[in-house]
Amino acid sequence: MLDLKFIRTNPEIVKEALAKRHAAIDLDLFLRQEEKRRQLLFQVENYKAERNKTSEEVAKLKKSGGNAEDLINSMRNLGAKIKELEQDLAELDKQIQEVLYTIPNIPHSSVPVGKDENDNLEVRKWGKVREFTFDPLPHYELGKRLDILDFGRAGKVTGARFTFYKGLGAKLERALINFMLDRHCKKGYTEIFPPFMVNTQSMFGTGQLPKFEQDAFKVENTDYYLIPTAEVPVTNLFRDEILEAEKLPLAFCAYSACFRAEAGTAGRDTRGLIRQHQFNKVELVKFSLPEHSYQELESLTADAEAILQELELPYRVVVLSSGDLGFSSAKTYDLEVWLPSFNTYREISSCSNFEDFQARRANIRFRRGPKEKPEYVHTLNGSGLAIGRTVAAILENYQQEDGRIKIPQALQPYMGLEYIG
RNA sequence: GGAGAAGUAGCGAAGUGGUCAUAACGCGCCGCACUCGAAAUGCGGUUGUCCGCAAGGGCACGUGGGUUCGAAUCCCACCUUCUCCGCCA
């Protein structure tokens, strides 16, 4: 969420940001309400100051044995008036918050202005796309033939967009999780194994709520949501806390299952591992000083890229245009891996700098020194990487003419073999 | 799920209707003094937030309501933690 004071003093910047994102929010109405709120607040506080003063006099009078009846009677009206105004204020507050909570972050100046994903800009490309001497199969076809992925029975047992991994398929998934966590830990990330459910407050803190409720799975009769990414529990680790500046940056990596309702994607990527209601992911999360967050974004992105490089999977990096940028993000790089069956690059990681947008929602702050005012940290995160899509990429890119799958060199110690099949 | 206890500053803790909330007292932390230096000792300082150019004022004692002229204090609901019982991997 944006700073209310900032919106008030820089309405033009906010309007421009909203336009870049094609977000329809009536900022002028919002600002008028906000003005009204401040007037009301001022009035209520004046009344309260009067009440406090009089109450003190009552106390003094009673202590010295005097009669306070008149004062007490005169205060009855004031109390009622305060209560009434406070109700008005609460109502106005609610209206303002409803809008405030749906205003997206301001895109960073380096973000290309654009309409949608078609305006994303390629930043760099890595690796050589393989030339096949035979017709490559899609990963779901390979998975079925090798008997390592079972989509049909998952449909029976649970429903569409779920998968059973089996035998070496299951082992490959597990090997990738361990491989990625090991690599990130070696680079200084602290491993976290988070809860896979979080409460409403946490979902609000990272920006999933209130706007994107329909994308999440809620556990009935509880205040819990299945996490759509480990970003949510890990970023909320320090909610309502004040960190010491010397401890920053903090870097965490976390494996978790991720649960997404995938609302509005009916008919898209219905086959295979690309779009599931449940998938595994290793996530990177950083808490940074504001002045370092953009260099942290570069290094976090590089850390995610390093996994693809070690696995020798061709990929490219794109910077998302303002129209494609996520709600909470100020700048996002997507890593897209080459998938032969799609004959294109598909997203396998998304690395974002949220600046203080999440920190303000979740109230995560730091202090530069004793006596200094607390400031909001900058939060960042990125997939490092999505496991299911990595499995798909390995199956497709490493398939052999005889139907076997070669295991990437770096992963062989984790798999204990060179080929599946 | 049942019974009991507790939630106040970084930690421990006092306060049981009004001059006790910039919150006693203790520990910790920071500064100063003493010292060659340190320990010990002494003195001082140590919550956050909102409105306001400022002066000044408001709010917060787990959370939300209620009673009252006035609530940390009384009442109700909820949350969390601890102890015991039950169940369970």
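All chains are named by letter (A, B, ...) in the order of the sequence lines, taking the proteins before the strands, and each is independently numbered beginning at 1.
Classified by its glycosidic torsion, B:C20 falls in the syn category, the angle being within 90° of 0.
Across B:G44 and B:U49, the matching P atoms stand 27 Å from one another, rounded to whole Å.
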*Could you encode protein contacts along nucleotides 46-52 of chain B as a string, one character per nucleotide from 5' to 3', using B for base contact, S for sugar-phosphate-only contact and - for no contact, with a heavy-atom cut-off of under 4.0 Å?*
--SSSSS

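OP1 or OP2 of B:G58 has at least one side-chain nitrogen or oxygen of A:N52 nearer than 4.0 Å.
Annotation: ring pair (Phe, Tyr, Trp, His ring centres under 6.0 Å) contacts of A:Y414 (sequence neighbours excluded): A:F179. Scored by the ring pair (Phe, Tyr, Trp, His ring centres under 6.0 Å) test, A:Y345 finds A:W338 as partners (sequence neighbours excluded). For the salt bridge (charged side-chain N to carboxylate O under 4.0 Å, His left out) test, residues two or more places apart in sequence or in another chain that qualify with A:E141 are A:R145.
When Watson-Crick and G-U wobble pairs are counted only if both distances are under 3.5 Å, B:G44 pairs with B:C30. Across all strands shown, B:A55 remains unpaired; no Watson-Crick or G-U wobble contact has both distances below 3.5 Å. Across every strand in view, B:A24 sits unpaired, with no contact that passes the Watson-Crick or G-U test at under 3.5 angstrom.
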Which atom pairs, one a donor and one an acceptor, fall under 3.5 Å between side chains of residues 247-259 of chain A and the rest of the protein, sequence neighbours left out?
residue : atom : partner : partner atom : Å
A:Y255  : OH   : A:N280  : OD1          : 2.5

Side chains of residues 351-365 of chain A: which donor-acceptor pairs under 3.5 Å do they make with residues two or more places apart or in other chains?
residue : atom : partner : partner atom : Å
A:S352  : OG   : A:T332  : OG1          : 2.7
A:N353  : OD1  : A:E355  : N            : 2.8
A:N353  : ND2  : A:S293  : OG           : 2.9
A:E355  : OE2  : A:Y294  : OH           : 2.4
A:D356  : OD1  : A:R360  : NH1          : 3.4
A:D356  : OD2  : A:R360  : NH2          : 3.0
A:Q358  : OE1  : A:T379  : OG1          : 2.7
A:Q358  : NE2  : A:T206  : O            : 3.1
A:Q358  : NE2  : A:E231  : OE2          : 2.8
A:R360  : NH1  : A:M1    : O            : 2.9
A:R361  : NH1  : A:F204  : O            : 2.8
A:R361  : NH1  : A:L209  : O            : 2.9
A:R361  : NH2  : A:Y101  : O            : 2.6
A:N363  : OD1  : A:R365  : NE           : 3.2
A:N363  : ND2  : A:D240  : OD1          : 3.2

*Passes ring-ring contact (aromatic ring centres under 6.0 Å, His included), A:F217 versus A:Y225? Steps please.*
CA-CA 6 Å; A:F217 285 110; A:Y225 289 83; over 10 Å; no

